[in-house]
Each structure stands twice: as C-alpha cells, then as structure tokens.
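Below you'll find the structure, written out as structure tokens, and then a few comments.
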Amino acid sequence: MERKKIIIGNWKMYKNIEETQFFLNEFNKLLKTKTIKYDYGIAASFTNLPLLKMNKTSALIIAAQNCHYETEGAYTGEISIKMLKDMMVSHVIIGHSERRMYFNEVDETINKKLHSLFNANIIPILCCGETLNQYENKKTNEVIKNQIKLALKNIKAENIAKLVIAYEPIWAIGTGKIATAQQAQTVCKMIREFISELYNKNVAEQVRIQYGGSVKPDNIKLILSEPDIDGALVGGASLVPQSFFDLLI
Ligand code: PEP
C-alpha cells in the first residue's frame with residue numbers, strides 16, 4: 001500500500017519567539033511557490049507552540065517534543081497532553097535519544113506516554129535507535145526490537161496503524177555521519193517485519209517509519225527512495241527556512 005511520507009523538523013532547544021516568527025514568515029513565503037506532496041511539520045519547544053498555532057497554514061503539523069502521561073497533577077516542570085491540544089498539537093515525539101540519554105526517559109514511561117497519547121487521539125512519533133557501540137557490536141536489531149516491544153506494550157493494533165516510528169541511529173544524530181540509504185532501509189524493513197510479528201501484516205503495512213540522523217536537502221531524496229522509509233525526522237537542517245523547505249520538495 002501507498003504510505004504518505006512524513007517529514008518532521010525537530011527544533012530541539014532552539015529558537016525564541018523572534019527567531020520563530022522570522023522562520024515562519026520566510027517559510028510561509030516559500031510555501032506559496034510550490035505544492036508540497038508530503039505530510040510535514042515542526043516539533044517546536046513549548047513556548048513557540050502558540051506562534052506556530054497563530055501562523056499555521058492548513059497543512060502544517062504542529063508537534064511537541066515531549067509530554068507527561070498523567071492528565072494533570074503535581075508534576076513541576078511538566079506539560080500535559082490537554083495543554084498541548086490547546087496549541088493544536090497533533091503529534092508528539094516520544095523517546096528521543098536525547099531524552100533517553102539526558103533526562104532518564106525509560107521504556108516504561110515511553111509506554112505510558114504512548115497509551116495516554118492514543119487515548120487523546122494524538123499521534124506519537126516513537127524514536128528508537130542504537131548507540132555507536134551497539135552498532136559496532138552488531139546489536140542494532142536486538143536493541144531496537146527491545147525498545148519497540150517495551151514501548152508498544154498493550155497498545156492496540158488499531159492504534160499502531162496510526163503510529164509513526166522514527167529510526168534514529170544515535171551515532172548519526174547531529175554528527176554529520178549519515179547511515180547509508182541501504183543501511184537505513186535494512187533497519188526500517190526489520191522494524192516493519194517486527195511490527196508484523198507483534199501485530200499483523202496489515203498493520204505493519206500502514207505504520208509509517210521515518211529515518212533520522214543528519215538528513216539534509218542533498219541526501220534526503222536517496223533516503224526517501226527506499227521502500228520501507230516513509231519520511232524523515234530532521235534536526236539541524238530543519239532550522240533554516242530554505243533548507244527545511246528544500247527537504248519537502
Ligand atoms: C534529531 O534531532 O532527531 C536529528 C535527527 O537531528 P539531526 O538531523 O541534526 O541529526
């Protein structure tokens with residue numbers, strides 16, 4: 001089946017209001033020059049979400065980079081899904097390697113967040129990926145299957161069809177070192193087969209699997225030409241209006 005490709009810019013902890021407004025002004029001008037055939041969006045920091053909402057063109061997906069799994073409560077410094085929904089957030093990145101690495105994000109909380117997001121009709125972008133050491137020791141498949149299995153514990157098949165999975169080898173994030181299209185395709189295919197084992201073939205054919213790790217305008221075409229790669233999660237190259245736009249055309 002034909003899966004629509006989805007490209008999401010992950011802005012991490014970059015851009016204040018002024019910088020975001022500049023980006024949106026420029027990007028919206030560029031959007032008028034060509035028709036975009038992919039789904040696309042930006043995962044901005046929480047303070048920039050109102051601006052994205054105000055400047056939203058109809059197609060822009062507004063995404064967040066994290067959320068809490070509880071509805072509300074005494075969780076200083078956290079943000080609820082209800083608060084994100086006020087900002088027209090439709091997708092949330094969950095389990096990014098930087099959150100796993102620096103903020104103790106573990107598979108169990110990732111699983112709870114996925115349950116809460118699906119209950120709220122928000123699409124999670126579930127990140128998985130191996131470290132350089134694991135890659136060199138040929139542990140990629142084992143590590144990723146384990147991350148996915150734990151993240152998807154007790155998630156229903158009907159939700160999996162809506163899910164976006166981002167395969168992001170940690171050794172390729174922000175390093176300029178990109179996995180070859182063939183390497184990325186091999187892992188994305190393995191992920192699809194694993195979803196088929198966990199659920200069924202029909203669901204596996206619907207889940208969208210992105211590649212992430214130093215994707216740039218000059219290498220995205222090759223990556224997207226692979227049959228099991230349904231888009232990209234992009235950090236650095238999504239920060240500049242022209243470069244983000246070039247990823248989409
Ligand atoms: C990311 O932040 O998910 C990412 C892939 O970053 P970069 O494109 O900069 O490697």
Side-chain angles (χ1 to χ4, degrees), residues 5-15 19-20 23 27 38-46 48-49 52 61-67 89-103 105 107 110 113-114 117 123-135 140 143-144 147-148 151 163-181 183-188 191 208-224 226 228-249:
K5 300 206 189 286
I6 175 166
I7 299 180
I8 300 289
N10 173 17
W11 278 4
K12 312 190 186 204
M13 199 174 72
Y14 289 101
K15 295 196 192 293
E19 290 158 340
T20 301
F23 178 99
F27 183 67
Y38 306 139
D39 285 340
Y40 64 91
I42 292 168
S45 56
F46 301 137
N48 288 324
L49 295 174
L52 258 62
I61 291 171
I62 303 181
Q65 300 170 17
N66 187 28
C67 67
V89 165
S90 59
H91 292 59
V92 181
I93 297 175
I94 297 294
H96 192 281
S97 59
E98 287 153 15
R99 293 217 55 87
R100 293 182 194 249
M101 212 174 344
Y102 305 129
F103 303 101
E105 181 97 315
D107 296 309
I110 290 170
K113 289 177 183 187
L114 257 60
L117 286 166
I123 298 175
I125 300 173
L126 169 65
C127 298
C128 59
E130 80 284 12
T131 61
L132 182 60
N133 188 275
Q134 290 162 340
Y135 168 70
T140 302
V143 168
I144 286 171
Q147 287 173 340
I148 290 181
L163 177 69
V164 177
I165 296 177
Y167 166 55
E168 299 206 302
I170 296 169
W171 47 270
I173 298 179
T175 57
K177 219 190 254 182
I178 185 171
T180 64
Q183 277 172 321
Q185 159 61 20
T186 304
V187 180
C188 291
I191 292 172
R208 290 191 285 181
I209 307 175
Q210 297 175 311
Y211 167 78
S214 299
V215 172
K216 307 272 180 270
D218 63 0
N219 58 31
I220 192 164
K221 285 275 171 320
L222 208 56
I223 292 281
L224 295 187
E226 295 293 340
D228 286 289
I229 304 180
D230 308 312
L233 185 57
V234 186
S238 72
L239 290 167
V240 176
Q242 185 70 55
S243 135
F244 186 53
F245 181 72
D246 288 345
L247 293 168
L248 308 177
I249 56 173

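All values below were derived from every heavy atom in this structure, side-chain atoms included, with hydrogens, water molecules and symmetry-related copies excluded. Counting starts at 1 for both ligands and their atoms, in listed order.
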* Asked: Among Ala237, Gly235, Gly129, whose heavy atom sits nearest atom 6 (O) of ligand 1?
  -> Gly235
* Structure fact -> of all protein heavy atoms, closest to atom 3 (O) of ligand 1 is Glu168 OE2, 2.6 Å
* Asked: Can you find a side-chain donor-acceptor pair between Glu105 and His96 that sits under 3.5 Å?
  -> no
* Asked: Heavy-atom contact under 4.0 Å between Ser97 and ligand 1?
  -> no
* Give the atoms of ligand 1, by number and element, whose distance to some non-hydrogen atom of Ala172 is under 4.0 Å. => 10 (O)
* Asked: Looking only at heavy atoms, what is the nearest atom pair of Ile223 and Ala179, with distance?
  -> CD1-O, 4.2 Å
* To do: Consider every N or O of Gly174 and every N or O of ligand 1, then say whether any pair is closer than 3.5 Å.
  => yes
* Asked: Considering all heavy atoms of both residues, which atom of Gly129 and which atom of Val143 are nearest to each other, and what is their separation?
  -> O-CG1, 4.2 Å
* Structure fact -> Among non-hydrogen protein atoms, atom 9 (O) of ligand 1 lies closest to Gly236 N, 2.9 Å
* Decide whether the shortest distance between a heavy atom of His96 and an atom of ligand 1 is less than 4.0 Å. => yes
* Structure fact -> Looking only at non-hydrogen atoms, the one of Gln210, Gln65, Lys216, Lys12 nearest atom 2 (O) of ligand 1 is Lys12
* Asked: Going by the order shown, which atoms of ligand 1 are within less than 4.0 Å of some heavy atom of Gly213?
  -> 5 (C), 10 (O)
* Asked: For Ala232 and Gln210, which heavy atoms make the closest approach, and how far apart are they?
  -> O-NE2, 3.2 Å
* Given that the side chain starts at C-beta and the backbone is N, CA, C, O, which of these parts of Ile173 lies under 4.0 Å from ligand 1, counting heavy atoms, or is it both or neither? -> both
* To do: Please work out whether the ring planes of Phe244 and Tyr40 are parallel, tilted or perpendicular, with thresholds of 30° and 60°.
  => perpendicular
* Asked: Is Asp107 salt-bridged to Arg100, cutoff N-O under 4.0 Å?
  -> yes
* **Main-chain N/O of Ala237 paired with Ser243 side-chain donor or acceptor, under 3.5 Å** => yes
